Amino acid sequence: MPVRQLDPATINRIAAGEVVERPASVVKELIENALDAGARKIDVLTDGGGRRLIRIADDGAGMTRADLALAVERHATSKLEGDDLLAITTLGFRGEALPSIGAVARLAITTRHAGEPHAWAITVDGGVKSDVKPAALREGTCVEVRDLFYATPARLKFLKTDRTEAEAIRDVVRRLAMSRPDVGFTLAGEERAPVTWAPALPDTTGRLARLGDVLGAEFRANAIAVAAGRDGFSLEGFAGLPTYSKANALGLYLFVNGRAVRDKLMLGAVRAAYADYLPRDRHPVVALFITLDSREVDVNVHPAKAEVRFRDAGLVRAMMVRALQEALLRGSGRAASTGGAATVQAFRPNAPRWNRWDWRNAQSRATMPATQGATALAGAPAGFAEAAQAAFDVGAPSADARAATVDEAPDLIDRPLGAARAQVHETYIVAQTRDGVVIVDQHAAHERLVYERMKAALERSGVARQILLIPDIVELDEADVTRLVARTDELTRFGLAIEAFGPGAVAVRETPSMLGEVDSAALVRDLAEHMAEWDEALPLERRLMHVAATMACHGSVRAGRRLRPEEMNALLREMEATPNSGQCNHGRPTYVELKLADIERLFGRK
C-alpha cells in the first residue's frame with residue numbers, strides 16, 4: 001500500500017480520539033478554556049449524559065472575530081507566548097480541543113470581546129466550518145456541543161449509560177471547582193438537580209469552604225490544614241483524619257499549578273504518609289495543591305494532561321510526605337467526627353409503642369427481685385421480652401460497680417478524655433468529660449500506645465529483650481520458616497530473637513520486654529502470615545513498622561480483661577500524651593465522643 005497524506009477531516013477525527021474520550025473530556029477542555037479566559041462565573045448544562053448536549057457559558061474575556069476564526073483551526077492556541085513548551089502557565093495549550101470536538105460533533109461558539117461592538121458566532125458540523133457571523137451575547141463565551149460522536153458512530157458504542165457519563169462530568173466539574181474557589185460554578189442537567197458553588201476568597205479559609213461545599217461538611221469537620229514550602233515549591237491543602245477514610249482511592253484530589261492530576265509519584269507520597277495509620281484496604285481523603293515554576297514540571301506527557309513529570313521528583317515526594325506527617329501529628333489526638341454521629345444514630349430508638357400494660361408492668365418489675373422480674377418478662381408481648389432481657393442481662397459483676405464508686409475528680413473531668421466512670425463488657429471504657437461522654441476501645445487504644453513506644457525505643461537504641469528460660473518451639477510451614485529466618489535481623493531490632501529449629505519450626509529465645517507475657521507462638525504465626533503478603537520492594541522502614549504493629553497488637557490489653565479504675569484513668573492519660581492515639585494501627589478509631597447536647601436530643605430534651 002503506497003504512502004499517502006491524510007485529509008484534514010480524518011486527521012481531526014484521529015486527534016479527537018486522543019482529546020475527546022467521552023463527554024466529560026469535552027467538559028474539562030471547555031471549562032479549562034473558560035478559566036484561562038479569566039472567567040469568574042461558569043455555568044454547565046448537559047443533556048443525555050453530555051451525549052445530546054453540553055453547554056458551557058462563562059463571563060471571561062471572550063474572543064475577537066479574528067481569534068474566533070482561528071480558534072477552530074488545528075494547532076491554534078492563545079495559551080503560549082512563544083515556542084517554549086516549558087513556559088506553560090495556563091490549563092490548556094495544545095490547540096486541539098475545539099477542532100477535535102467540531103470534528104465529531106455539532107459545535108457552536110458564540111463569544112464577545114470587550115473591544116468588539118457585538119458578539120460573533122461560528123459553527124463546526126462534523127469538521128465543516130461555517131463563516132463567522134454577527135450574534136447577540138452580553139459578555140464572555142458560550143460553547144454548545146450537540147450530538148457528540150454523531151460523525152463517528154462507532155465511538156458511541158463505547159460510551160456508558162447516561163447516568164454514568166453524567167457522573168463522570170460531575171466529577172470533572174467538582175475537581176475544577178476545588179482548584180478555583182474564587183470562581184462560581186453551576187452544574188445543571190436533566191440527570192441531576194442543579195448544583196451551585198458560590199465563589200469564595202482565594203485563601204485558606206475560602207479553600208476549605210469550597211472543599212466543604214464539594215466534598216461535604218464531614219470533610220470540613222475532619223480536615224487538617226497542610227502547608228509547606230521549599231526551594232520554590234509550595235504545598236497547601238487539607239488532609240482528612242486517618243479515622244475519616246474510604247474504601248477506595250477516589251477521595252484523593254491532587255492538583256499541580258491548578259491542574260487536576262492523577263500522578264503516581266504524588267499518590268505514592270500520600271500513601272507513604274498515611275502508611276503508619278491506615279491498613280491496605282483503606283484510603284485517605286485529601287485535597288493537596290502544589291504550586292511551582294512551570295519550568296520545574298512537564299505537563300505535556302499525557303494527551304489528556306492527567307499526568308505530569310517533575311524535574312526534581314524526590315524533592316516533591318519528600319516535601320509531601322513530611323508535610324502530611326506533620327499535619328497528621330498535629331491532629332493525632334482527634335478522632336473523626338463521624339464516629340460520634342454514627343454512635344448517636346445507633347442509640348436512636350425506633351419509637352417503641354408503650355401502653356399502659358407495659359408501663360405498669362415495668363414499674364412493678366423495678367421493685368421485684370431479679371428472678372421474679374425475669375419471670376414477669378415471659379408474659380410480655382412478643383419482641384419486648386427479648387429486648388428487655390438483653391438490655392438488663394449484664395452478667396456477673398465486673399469493674400462497672402467499682403468504677404462508679406470513684407471520687408468525682410473534677411480535675412480529670414476537665415481533661416480531653418475525661419475521668420473513667422465504668423468498664424462495659426470488659427472491653428470499653430466509659431469516661432465523663434465536662435460536656436459529654438467518651439467511649440474508649442481499650443484494646444485499640446493500648447495497641448496504639450504500645451506501637452508508639454516500640455517506635456520510640458527503636459529510634460533510641462532498640463527494643464529491650466527478655467530471655468526465655470525455655471525457648472518456645474513454634475511449628476510452621478517450611479516457606480514461613482524461610483521467610484522468618486531471612487528477616488531475623490529485623491525481628492531482633494524489635495526484641496524478638498528466633499532461629500531455625502529443623503525444617504518446619506522455629507525456636508523463640510527472646511521476646512520484647514515491654515510486651516510482658518506474650519503468646520510467642522501466636523505472635524510468630526501472625527508475623528509469618530504478614531510477611532507472606534509483603535512486596536519485596538517494600539522499603540525496610542515500612543517492613544519494620546509492620547513488625548511493630550503486629551507485636552503491638554499482641555502486647556496490648558486484650559478485650560475481655562477487667563481493668564481497675566486507676567488503670568482506666570492511666571490509660572486515658574497516656575492516650576492524651578501519646579501522638580496518633582485517635583486511631584489504632586489498623587486505622588480504626590480508638591474512641592468516640594458523645595456531646596451532652598447529642599445525648600439530650602436522644603431523650604427529647606432539646
Side-chain angles (χ1 to χ4, degrees), residues 12-34 42-58 92 96-109 124-127 142-179 185-197 213-216 218-219 246-254 259-262 267 281 283 285 287 302-307:
N12 285 341
R13 288 174 184 172
I14 293 174
E18 296 180 351
V19 179
V20 188
E21 179 185 359
R22 61 193 305 185
S25 306
V26 176
V27 174
K28 175 180 179 292
E29 296 286 348
L30 297 181
I31 293 181
E32 287 181 349
N33 285 343
I42 300 176
D43 297 328
V44 181
L45 173 67
T46 64
D47 182 24
R51 192 189 332 243
R52 291 191 292 268
L53 170 66
I54 297 173
R55 180 185 295 130
I56 297 179
D58 65 75
E96 298 176 358
L98 292 179
S100 296
I101 295 169
V104 296
R106 308 182 199 276
L107 173 67
I109 306 175
V124 183
D125 192 339
C142 179
V143 182
E144 199 172 89
V145 180
R146 293 184 178 274
D147 302 329
L148 185 63
F149 295 132
Y150 92 95
T152 54
R155 297 290 301 277
L156 289 172
K157 299 178 182 178
F158 294 93
L159 294 184
K160 301 185 183 299
T161 63
D162 290 355
R163 181 179 295 275
T164 302
E165 297 296 340
E167 185 58 31
I169 291 174
R170 181 173 179 269
D171 184 65
V172 165
V173 178
R174 279 159 45 98
R175 292 179 184 272
L176 290 167
M178 291 164 63
S179 70
F185 287 82
T186 299
L187 176 61
E190 67 174 9
E191 302 90 357
R192 68 185 74 83
V195 179
T196 299
W197 296 302
D213 292 340
V214 176
L215 300 180
E218 287 184 355
F219 176 80
K246 304 293 184 183
N248 53 53
L250 299 180
L252 299 176
Y253 299 94
L254 307 173
R259 189 188 309 276
V261 298
R262 297 289 296 179
L267 292 173
D281 58 344
H283 303 269
V285 181
H302 191 276
K305 297 169 289 186
E307 297 179 6

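Residue numbers start at 1 and run along the sequence shown. Keep in mind it's a predicted model, so treat the numbers as computed, not measured.
- Nearest heavy atoms, Ala177 versus Val214: CB-CG2, 4.5 Å.
- The minimum heavy-atom distance between Tyr253 and Arg175, with the atom names listed, is CD2-NH1, 3.2 Å.
- In this structure the side chain of Thr46 never reaches within 4.5 angstrom of the side chain of Arg170, judged on heavy atoms.
- For the pair Ala34 and Asp58, the tightest heavy-atom approach, listed with the atom from each and the gap, is CB-OD2, 3.5 Å.
- In this structure, the side chains of Leu215 and Arg174 come closer than 4.5 Å at one or more pairs of heavy atoms.
- Put simply, CD on Glu32 and CD1 on Ile42 are 10.0 Å apart, with the number rounded to the nearest 0.5 Å.
- For the residue pair Leu107 and Leu98, the shortest heavy atom distance occurs at CD2-O, 3.5 Å.
- Of the residues Thr186, Asp43, Leu187, the one that meets the side-chain contact (heavy atoms from CB on, under 4.5 Å) test with Thr196 is Thr186.
- For Arg106, the salt bridge (Lys or Arg N to Asp or Glu O under 4.0 Å) partners at least two apart in sequence or on another chain are Asp125, Asp147.
- Side-chain contact between Val173 and Trp197: present, with at least one pair of heavy atoms (C-beta onward) separated by less than 4.5 Å.
- At distances below 3.5 Å, at least one donor-acceptor pair connects side-chain atoms of Arg262 with backbone N or O atoms of Leu252.
- Ion pairing between a basic and an acidic side chain is recognised when a charged N comes within 4.0 Å of a carboxylate O; Glu167 and Arg163 show no such pairing.
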Kindly determine whether Arg55 and Glu144 satisfy salt bridge (charged side-chain N to carboxylate O under 4.0 Å, His left out), including the steps that lead there. CA-CA 4 Å; Arg55 180 185 295 130; Glu144 199 172 89; 2.8 Å; yes
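- Ile169 is not listed as a side-chain neighbour of Arg22, based on a closest heavy-atom distance of 4.5 Å or more.
- Between Val104 and Arg155 the shortest side-chain heavy-atom distance does not fall below 4.5 Å.
- A heavy-atom distance below 4.5 Å is not found between the side chains of Val145 and Pro23.
- The shortest non-hydrogen separation linking Met178 to Ala287 is CE-CB, 4.0 Å.
- Leu30 places a side-chain heavy atom less than 4.5 Å from the side chain of Ile101.
- Between Leu148 and Val20, the closest side-chain pair of non-hydrogen atoms falls below 4.5 Å.
- The side-chain hydrogen bond (donor to acceptor under 3.5 Å, both in side chains) search around Asp213 returns none, not counting sequence neighbours.
- Distance check, rounded to the nearest 0.5 Å: CD1 of Ile56 to CD1 of Ile54 gives 6.5 Å.
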